[in-house]
Amino acid sequence: MIALVDCNNFYVSCQRVFEPRLNGQPVVVLSNNDGCLIARSDEAKALGFKMGEPYHLARPALQQHGVRVFSSNYALYGDMSRRVLRVLGDWVPEVDVYSIDEAFLNLDGTQFLRRGQSLSQYGSDIRAAVLQHVGIPTCVGVAPTKTLAKLANRLTNRRTGHNVVTLETDAQRQAALAATPIEQVWGIGRRYGKKLLEMGLVTAADLTAMPEGWVRRHLGGVVGVRLWQELHGQPCLDFDPAALEDEERPARRHSVAHTRSFGRPQRDPAVLGEAVASFVARAAEKLRRHGLSAQVLTVLLGTDRQAPQPHTFTAVATLPAATHDTGELTRAALERLRRLLRPGTAYHRAGVMLSGLEPMGQTQLGLFTQTPEQLQRSQQLMTRLDALNQRFGQSTVRYAAAGLQEQKWEGRHNFRSPAYTTDWQNLWQVCA
DNA sequence: TCTGGGGTCCTAGGACCC
DNA sequence: TCTGGGGTCCTAGGACCC
């Protein structure tokens with residue numbers, strides 16, 4: 001059996017841990033750039049605020065209702081997420097981290113269940129432990145597959161205190177499928193939801209009643225078939241406990257990216273170059289934090305996403321050998337950027353993606369491009385760079401290519417809360 | 001003036017190579 | 001006059017997730 005532990009309204013919960021008077025109050029958290037609403041407390045949802053709503057349109061109503069507004073604070077949320085995972089790791093050996101606020105637990109092997117204890121009681125105990133040690137409320141769904149565990153989790157109800165739902169028997173599974181609108185099944189998005197409704201399928205049970213061949217034809221081929229089998233109780237999605245992110249076990253991720261919308265559109269190649277160099281630095285830091293090197297680098301430039309014909313331009317560089325050296329990656333990125341730039345075009349966002357990842361240690365020397373001495377020097381330099389920036393703040397030490405004009409391209413973050421748990425300057429003050 | 005960012009998987013056409 | 005097939009790389013796009 002698989003349990004899905006979901007920290008609902010996670011970002012709001014994180015803010016509330018450090019400001020308990022926000023409990024019971026409407027709270028929203030904004031995306032990067034203070035662009036749109038990405039997290040809402042139950043009270044804010046009840047007032048009608050929608051996920052993804054543009055902030056500048058919602059602002060009058062937010063003010064009118066006295067809703068507390070926060071810019072997103074990923075340093076805080078990431079740290080709180082690790083605390084939650086640590087507690088979960090105390091309960092089960094296999095934790096598959098799905099996102100910053102959700103994790104699957106492998107409950108197979110009844111040695112994890114005390115004699116005579118029900119799955120439902122076990123779920124409640126885990127929930128209580130996370131709440132006690134981290135202060136974050138969660139909901140737990142338990143079922144034979146990931147997709148069914150998600151479905152079970154959706155059937156929890158915080159208002160009634162029904163925080164754990166288990167699907168252990170076929171009758172329970174059937175009832176849950178019948179109670180789930182088709183467009184709320186994990187893996188059915190806006191497009192397929194609309195299409196299936198038009199075809200007369202209303203609940204998840206309607207979908208499982210269709211033949212496999214029909215699903216293959218109408219639901220994206222192999223992807224749809226996997227979803228259908230998962231709903232039937234046959235696991236098709238890997239359970240990947242190595243995804244637990246810590247230094248000893250690097251995540252089995254396939255890419256690392258850093259992309260940003262600009263505060264205002266940019267045309268100047270020099271400014272775009274500095275922005276891309278800054279993004280390379282962020283992405284490379286993330287790479288090193290996970291103990292990885294990358295052999296493939298993609299530079300991306302985007303035009304206005306709201307325009308009738310938005311476009312994303314990409315250019316790929318395959319490096320002679322995998323690397324985590326900011327300098328090497330920056331050179332490759334700027335060279336590709338030059339090829340990508342079209343004079344006069346206004347770009348609204350840019351980014352860097354690193355792929356072809358492998359663990360740092362097993363990096364091969366580039367044939368004719370690197371000596372062992374060069375590799376060692378690069379590694380020492382990166383270690384010191386990260387240590388200095390960790391201690392004195394991001395970008396304290398940077399490559400010249402990243403420039404000093406970030407005010408030209410950086411977005412807004414007007415309501416940022418302190419990084420309470422990760423920055424000595426921002427320790428929680430009990431007395432104001 | 002103001003609409004996020006970071007991921008996953010799958011598909012497909014064109015260029016190029018053998 | 002005949003006019004393959006398999007492979008890789010690049011680019012783009014579609015769908016989904018949180």
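Everything numeric in this text was worked out from a predicted model, so none of it was measured.
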Short side-chain N/O contact to B:dT1 OP1/OP2 from A:R264, under 4.0 Å: no
For A:R68, is there an ion pair with A:E19 - N to carboxylate O distance below 4.0 angstrom? yes
Between atom CD1 in A:I38 and atom P in B:dG7, what is the gap in whole Å? 15 Å
Closest to the A:S31 side chain: B:dC10, B:dT3, B:dG4? B:dG4
Here the distance between atom P of B:dG7 and atom CG of A:L300, to the nearest Å, is 13 Å
Watson-Crick/G-U partner (both atom distances under 3.5 Å) of B:dC9: C:dG14
Do A:F10 and A:M80 come within less than 4.5 Å of each other through their side chains, counting heavy atoms only? yes
Going from OH on A:Y77 to OG on A:S417, what distance comes out if it is rounded to the nearest 0.5 angstrom? 5.0 Å
Starting at atom CD of A:E410, determine the distance to atom P of B:dG4, rounded to an integer number of angstrom. 17 Å
Produce a footprint string for nucleotides 11-18 of chain C: one letter per nucleotide, 5' end first; B if the base is under 4.0 Å from any protein heavy atom, S if only the sugar-phosphate is, - if neither. SSS-SSSS
Distance in angstrom units between A:F49 CZ and B:dT3 C1', rounded: 16 Å
Using only side-chain N and O atoms of A:K146, determine if any of them is under 4.0 Å from OP1 or OP2 of B:dT8. no
Say you pick atom C1' in C:dC17 and the same atom in B:dG4; how far apart are they, in whole Å? 15 Å
Winner on side-chain proximity to A:N32, out of B:dC10, B:dG4, B:dT3, is B:dG4
Are A:Y98 and A:W186 near enough that their ring centres are under 6.0 Å apart? yes
Could you tell me whether A:K146 and A:D96 make a salt bridge, using a distance below 4.0 angstrom between a side-chain N and a carboxylate O? yes
Nearest to the side chain of A:H258 - B:dG4, B:dC2, B:dG6? B:dG6
Report the distance from atom CD of A:Q306 to atom P of B:dT3, rounded to the nearest whole Å. 7 Å
What nucleotide among B:dG7, B:dG5, B:dC10 has an atom nearest to a side-chain atom of A:S261? B:dG5
Which part of the nucleic acid, if any, lies within reach of A:K286 when heavy atoms closer than 4.0 Å are counted: base, sugar-phosphate only, or nothing? sugar-phosphate
Using every non-hydrogen atom in the two residues, find where A:N8 and A:C139 come nearest and quote the distance to one decimal. ND2-SG, 3.2 Å
At less than 4.0 Å, is any side-chain N or O atom of A:R226 found next to OP1 or OP2 of B:dC10? Yes or no. yes
Just to confirm, is there a sub-4.0 Å distance from OP1 or OP2 of B:dG6 to any side-chain nitrogen or oxygen of A:R260? yes
Carboxylate-amine/guanidinium contact A:R40 A:E53, below 4.0 Å: no
Any carboxylate oxygen within less than 4.0 angstrom of a Lys/Arg side-chain nitrogen, looking at A:D90 and A:R86? no
Tell me if the aromatic rings of A:F70 and A:F415 count as close, with their centers under 6.0 Å from one another. no
A:H413 NE2 to B:dC2 C1', straight-line distance once rounded to whole Å: 16 Å
Using a 4.0 Å heavy-atom cut-off across all strands, classify A:G35 as base, sugar-phosphate, or nothing. sugar-phosphate
Choose from C:dC10, B:dC9, B:dC2 the nucleotide whose nearest atom is closest to any side-chain atom of A:H56. B:dC2
When we call it a touch if two heavy atoms are under 4.0 Å apart, what does A:R282 touch: a base, just sugar-phosphate, or nothing? nothing
If you only use heavy atoms from C-beta on, which nucleotide in B:dG5, B:dT8, B:dC2 is closest to the side chain of A:H254? B:dT8
Rounded to the Å, how far apart are A:D34 CG and B:dT1 C1'? 13 Å
Rounded to the nearest angstrom, tell me the gap between atom CD in A:E53 and atom C1' in B:dG4. 15 Å
Closest to the 5' end of DNA chain B, once A:L57 and A:V256 are matched to their nearest nucleotides, is A:L57
For a quick check of understanding: with a heavy-atom distance under 4.0 Å over all strands, which category does A:R305 fall into, base, sugar-phosphate or nothing? sugar-phosphate
